[in-house]
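Residue numbers start from 1 in every chain, and the chains themselves are labelled A, B, ... in the order their sequence lines are given, proteins ahead of strands. Every value quoted in this text rests on a predicted model; they were computed, and no experiment measured them.
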Amino acid sequence: MDYVQFTSQQRDEMLKVVGASSMDDLLAPIPTDYRLTEPLKMPPALDEMSLRADLSALAAKNMSSDRKVCFLGGGVYDHFIPTVVDHLAMKGEFLTAYTPYQAEASQGSLQAFFEFQTMVCQLTGMEVSNASLYEGATALAEAVMMALGMSGKRRVLVSAGVHPHYRQVLKTYLSDLPAEYVELPLKEGVTDMLATEGEADADTAAIVVQSPNFLGLIERVDTLAKFAHANESLCIQSFNPVSLGLLKHPGEMDVDIATAEGQPLGIPMQFGGPFLGLFATKLKHVRKMPGRLVGQTVDIDSKRAFCLTLQTREQHIRREKATSNVCTNQGLLALRASVYLAAMGPKGLREVAQLCFNKATYLARQLRSTGLSLRFEHQPFFNELLVKLNRPVDQALQSASDAGLLGGLRVGSYYPELADCLLIAVTEKRTKVELDLLVKVLAAKS
Amino acid sequence: MDYVQFTSQQRDEMLKVVGASSMDDLLAPIPTDYRLTEPLKMPPALDEMSLRADLSALAAKNMSSDRKVCFLGGGVYDHFIPTVVDHLAMKGEFLTAYTPYQAEASQGSLQAFFEFQTMVCQLTGMEVSNASLYEGATALAEAVMMALGMSGKRRVLVSAGVHPHYRQVLKTYLSDLPAEYVELPLKEGVTDMLATEGEADADTAAIVVQSPNFLGLIERVDTLAKFAHANESLCIQSFNPVSLGLLKHPGEMDVDIATAEGQPLGIPMQFGGPFLGLFATKLKHVRKMPGRLVGQTVDIDSKRAFCLTLQTREQHIRREKATSNVCTNQGLLALRASVYLAAMGPKGLREVAQLCFNKATYLARQLRSTGLSLRFEHQPFFNELLVKLNRPVDQALQSASDAGLLGGLRVGSYYPELADCLLIAVTEKRTKVELDLLVKVLAAKS
Amino acid sequence: MTQNEPLVFEISTPGARAVDLPHSDVPVVEIDSNLASVAISELPEIGQLDLVRHYTHLSHRNFSVDDNFYPLGSCTMKYNPKVNEWAAALPGFANLHPLQDESDIQGALGLLYHLRVFLQEIAGLDEVSLQPCAGAHGEWTALKVIRAYFKDHHQSKRRIVLAPDTAHGTNPASCAMCGAGVVTIKSQSDGLTDLDDLQSHLNDEIAAVMVTNPNTVGKFDSHMIKMADMVHQAGAFLYLDGANMNAILGIARPGDFGVDVMHYNTHKTFSTPHGCGGPGAGPIAVRKELAPYLPVPQVIRIDGKAGERYAWDERRSKSIGKVRSFNGQFNVLVRAYTYIRACGPEGLRNVSECAILAANYIAQRIKDVYPLPYGPKDGQPMATNPCAHEFIAVPRAIIDRGVSIMDIAKNLIDRGFHPPTVHWPVHDCLMIEPTETESKATLDAFADSLLEIAALSQTNVPLLKEAPFKQPVRRLDEVGAARKPVLTWSARSGGVSEKVLA
Amino acid sequence: MTQNEPLVFEISTPGARAVDLPHSDVPVVEIDSNLASVAISELPEIGQLDLVRHYTHLSHRNFSVDDNFYPLGSCTMKYNPKVNEWAAALPGFANLHPLQDESDIQGALGLLYHLRVFLQEIAGLDEVSLQPCAGAHGEWTALKVIRAYFKDHHQSKRRIVLAPDTAHGTNPASCAMCGAGVVTIKSQSDGLTDLDDLQSHLNDEIAAVMVTNPNTVGKFDSHMIKMADMVHQAGAFLYLDGANMNAILGIARPGDFGVDVMHYNTHKTFSTPHGCGGPGAGPIAVRKELAPYLPVPQVIRIDGKAGERYAWDERRSKSIGKVRSFNGQFNVLVRAYTYIRACGPEGLRNVSECAILAANYIAQRIKDVYPLPYGPKDGQPMATNPCAHEFIAVPRAIIDRGVSIMDIAKNLIDRGFHPPTVHWPVHDCLMIEPTETESKATLDAFADSLLEIAALSQTNVPLLKEAPFKQPVRRLDEVGAARKPVLTWSARSGGVSEKVLA
Ligand SMILES: Cc1ncc(COP(=O)(O)O)c(C=O)c1O
Ligand SMILES: Cc1ncc(COP(=O)(O)O)c(C=O)c1O
């Protein structure tokens, strides 16, 4: 099924109307030498029933979190998604629209994005948010690009606690630019403050931190912001949006640009994408911001109305001078996150965060009671624990898998010194029974 | 979650507005003696996450047709439902509306039902269809009630090939009425023509037949219609809508009232309901018809418009003189069947029917090649086969189950003389591989 | 919104296909030509995108609870939680064949069993049957059960059912379908049953008295207890039409106040969606004397050594038999179960309390302009004579200014509200049932609209009579529709069916 | 439709809840007060029904492909098959964590691998990376790959990219993000590349020439082959912006006509939905010289004794590294895979042929009134100088009558159509891309509307300039919006943010 609706008779009629004796006439501009005479080499078309069988078979080969209990985190979390979120965000009227270029025809999505921008600001305590970027890592990279562009400085100090993927992406972004990537070491699992103070200088465009960091530990972002501001650098924080149900938000810590992976806000884990890049900053920086923005205005009858605005920042107007090259963004995911945030409200989000924290704390306690310990016992955490195991991580994970658990994340490939540790994420979905089972599995000697 | 949106503060405000000092004031008309002072005895409320866990656990205890290959039929079939049908029929705008009493606010559903009525007529070759009844059995019973009411006669001749459930329901309907239920015996699996001719008399209100009948065999409905008309009785046929992709339709056979279970038209098997009662008849009988009808008219600006019509047949106007007591019907299922029929079109429906027939024929052939046989080898069938086994049915079904198959239906409880037979339904979803597996299982000696 | 949507047949294109099917993986066989249809089907042919658009457009021309307030009296148009739909779509429910072996369907049976028990508890009655397809079907089933009881007890002459003049149309119609006679009993001016009139009709031919409580004018009938005594004294059963159960969940139980048999409407009380007219489900609850006559199959729990299991009981010798094929409106019942589990016992009581509060609140806000025939005395607040979960208003003064009830209805549509039930159970009334799931802001907006319409009736009647303005069509010729019914589309006459019944 | 929908904040009610959460089944612990937020969140509070209504209303105020024709040039707004959504929602895809062990994700990896191979075949190129998030991200990634190649080959000074004046804005912007300079090359009056101008710019500082083909004016550039030779001669790479791949699927392969590297837009060519702006995916395809530099991870197939298995290749020493976290826009790619499997090779060619036919058909129907700057000579049929899958019209005469391109756009909205792309790639143009999934009736209706608007431009310009009439708002003050941006709502100022940037 190629979803073409013309019948062969109509095809012929239309060819006639355009003065073509066959389809080949319309392909004339393509030199015949380069026109394919054989079909592409790929399997034949599938009817819908066979197609569904094929996809079902592929999906069935995956051990998804509905088949095993998920303690994997590392930037993607198995949170609960209320049914109403799926229902509303998947409405065909949203799904099959594009960027709202024609405001009159798209007030629905424009208003939804205006609400999204507002909710991101309410969540982060920042002053302005765009209407989405691709995902967490590229959002962070865009923040750094913005800091470089605004400041004219070269150095970017990046905490080693930032998600390893994000650091790798950032390096790719910076590699051909006049910029210097400097990694700030960790001390006891969090950014080494002394080292940071030492590195920060007048040529520093930004200090980049993630909190809670990749090891699950809460950073002293406010202190880092002070270091940054002392050098007229920007402080950029990558945050976990659900953690803001409990933790100090970037605005309170005087962060200049706050970015995040929005996945925890009602977006399925879906093997890593599509996700949602959140990007918020101070109002004074808005004209340097990447990404689309929706603004409120009035129409000719003085009615409130919404439209894309400050487009002179964007590639379709400014071309090589644009603040970013982004065009297609993650609109539907922004809409989904909005529905999630509106569904949860301040109390719901707080409860989710509190449940995560309760359960992580309980897990830590139970693990300790079996003699295991957290790798950095004296650092505060939110919903992720770095646990030092007393047997090989692969072996422990195999036992967990046998017990029906996705037991956690190996971190050794990112932090070789932590090869004996397991990073365990806990969400509000994990029950005491599941936590107890994990403890039992990890505490076992083999 | 009770889905109440009032906050407790609003509740208090509203109580004040109505002059109540507490909720009890509003309950005053209920004598205090009869007011509950304890909560109802039932399990406590579940939050949505726990609720989904509870429902998932219940659903997981069922061996549904996605887990075992379904050869069960007997009036409910495992047909393919195109994705687009689910998508459109489950739109909230349809799901959460009710009977279109206010035409201006409900042109969408009214038009959909007008189209449904038309498609049922196109499918059956009948002249008029209502906008749905509950399901197949009650639709048939309503047809008989209509025949009794119209004719003033008493006797109803019912073929023993009619679905046993339908016959039981019909008996329940007739039990307190001035009506006589007469069962017509089968001969070689189909209605005994001689016996029918003998039973048909001037006091016969209707001859009732199902084709394909419960044993999967195609009846000579046109002959039965002639018998009926010879006595000024009505001929009522219960049909399988998918079979009409191939078989003569009721209109061609001069049937007076055609009824059906609409489940095969894109409705999931869902453990037996909700389903869809189809009901079509000749135009001259329309004012005796049960159920809602949508008609085309014009509005004050002469625009085409649709509304409920001929409501003087219905209970809300005619009360005890109404043609039926039905009020809430199966609107959403009628809509779903419409989407299915429009999606399939004449060619698609024909292909579905042809595939069913091909596969049933192939299965019969393969079974014969192993030495098994059909119980009535010389009767034509459509998509259901009555197979005579050479070992106990329960044993064969157990082997099938072990092989991952829902192997077929026992018919012994309905037809004791057929206790050694298995009724096997085949739809377009069954693959050759599945058919071959079933043959292997059934042919095995133990 | 204001453009006409063509009929699906009018966008049909010969040869277009929305769906493709597999090639046959077994030999193609031709069916006997004597059996094959000779007719060429006129079903529409349409591509997938055009199909999606057609039904998307229809959905946008259809008022729904998801869209806005739908205070249709007696229909309990409450919110239909999306999680109910999620549950019903679970493959373990949606893909289950109704005739599978009991060992394969323990989850489904367990759900039905639990629901049965919940409904028994809510009713305060002994046994529930989940078989009936809707309220009317429940009425008919219950009357069959009563009839079977009397036959069994050699009182076959009890064939008459008494019902108040305000009874829903299905009540008398269901009686007629059972061959029972219906005699109407009067209501008093305060909306309650006239006990004297009732008494005068009670005799040994009466099988049952059918009442609705809270009744259809929105009043809890405090005569109920006395009435039950009288009915029982006369050897008849007291039947409750449970359409208004949304007013008493967890507050009072029909069984406790003398009801012997009742039906539920899950699509009203238990939030199962109304689907443009259906499906619903109409479980019935009965006292134990009547239980042996309930239809088959019945879901039961069997406690064995290996724990509990659930089963079908098909062999009830006194049963009236089957009332529909298979197992009832299962996937509607799944939604009802999901809802009841979500609410829990306190939630259910809160549902009814808030439904009552909402109705009284709207009533209070409009009653000076839309007088309530069964409401409090002039100038008194609602609490002095409260309504239940719905109420009736008869805006005589507005009508006297030349604005009909239907005019009010059409003006409400343009203000974004579905009109209340009109002209039932009394002429010239609005029957307003807000339900408990609306926000206060919505109730206020609706009351404001009614007041605005009332104000306009003093200044601009012609405007009110012209409405609606914002709908795709307005003011249909319904008389013409019934006089010359056009019930199908036909290609042969340019869109208008030849099959017109003159 | 015409009522205003309040902002979600304006219907917020303190204390309202749409969702409930479980009680903690472990002890509740308080977080260190130094870490806890002191701010009280201003997120909205709203019940579930009001939430459903709010977004239902917004959905009804949003033009979409499901609703009607959306001929937005360069965006390929084709039908998004519902079965794609079904596939993406399968729990085995939707609930998969990106960092699971390979043994647990064989289905996902297999799907990605097959898709990779399909895209290689369609491109006629050697290796595809599925990592990029969208077209622009694909451009940037590919430019990084080219840059890495030249660094590796000691030609670091190749930093300049040549692109035609009609290039999409993302092309130069992507160059800038890589620190590459962009130099514009001219197009000829017939829309094709000016080869002399190109030649004059080619030198040993050029890294790549970026073209779109069919180009953004809707012409297949027959200079392509020559161009490729010239570019290769100069030691640079030929980059294809694949936004217009919908015109050549199965007809011609970029690799065959000299392209070295390209990106796809799955949300254009392969029917993944546009979601009010995204997500999309932007896989890139490269010739084998460039393959070592592709980003990680790459999905690979390993054929072992126990059969094939799929794996991540993370260790590519020359790779540019990661371009995003995790594994790409996986669930967008699932939809693209589903679509390609549904079409099959013949279907894909039919897609492009019909896309071309549809564009030529509309062009033919309107070209006398909406002249085509790159079309056939006056009076000649389209076949004499056909467009590809889209075309550009510049209705000078209509504009001269005082009707702007934007006026035409707004009038189309009221006629039920989304306007084409406007003012790009040339001023005063309409860029019309019908796609292959529309029915002929829709194409005709659209052409009729354009002709009707043209006719009105001769009789009633003021009417055209007033439109739209049927939309919730009309003719916005976009200048004001940019001058004093209001980008968030704030409670403190009655709905208008204080955070206005003067
Ligand atoms: C009071 C009353 N009784 C009975 C019924 C009939 O119920 P159903 O429509 O479910 O058959 C209704 C339905 O509207 C009703 O309002
Ligand atoms: C010609 C062309 N190139 C590149 C792009 C950018 O692609 P994306 O929006 O997927 O980033 C577009 C998108 O509109 C386009 O039309």
Is [X] close to chain A through its backbone or its side chain, or both, or neither, when contacts mean heavy atoms under 4.5 Å?
| X | result |
| --- | --- |
| Arg324(D) | both |
| His418(D) | side chain |
| Ala342(D) | both |
| Pro22(D) | both |
| Leu357(D) | both |
| Phe93(D) | both |
| Glu85(D) | side chain |
| Cys276(D) | both |
| Gln329(D) | both |

### Task
Starting from the C-alpha separation in whole Å, work towards a yes-or-no answer on side chain to side chain donor-acceptor pair (under 3.5 Å) for His54(D) and Glu5(D).
CA-CA 8 Å; His54(D) 179 63; Glu5(D) 175 65 12; 2.9 Å; yes

### Part of Leu15(A) lying under 4.5 Å from any heavy atom of chain D
both

### Task
Could you check His267(D) against Thr328(A) for side chain to side chain donor-acceptor pair (under 3.5 Å), going step by step and ending with a plain yes or no?
CA-CA 9 Å; His267(D) 43 303; Thr328(A) 293; 3.2 Å; yes

### Task
Please name all residues satisfying side-chain contact (heavy atoms from CB on, under 4.5 Å) with Pro468(D), sequence neighbours left out, ordered by chain then number.
Glu104(A), Lys410(D), Asp414(D), Gln471(D), Arg474(D), Arg475(D)

### Query
Listed by chain and number, what are the side-chain contact (heavy atoms from CB on, under 4.5 Å) partners of Lys321(A), not counting sequence neighbours?
Arg318(A)

### Message
Between Arg349(D) (side chain only) and Leu36(A) (backbone N and O only), is there a donor and an acceptor less than 3.5 Å apart?
### Response
yes

### Message
Would you say the rings of Phe257(D) and Phe220(D) are close, in the sense that their centroids are separated by under 6.0 Å?
### Response
yes

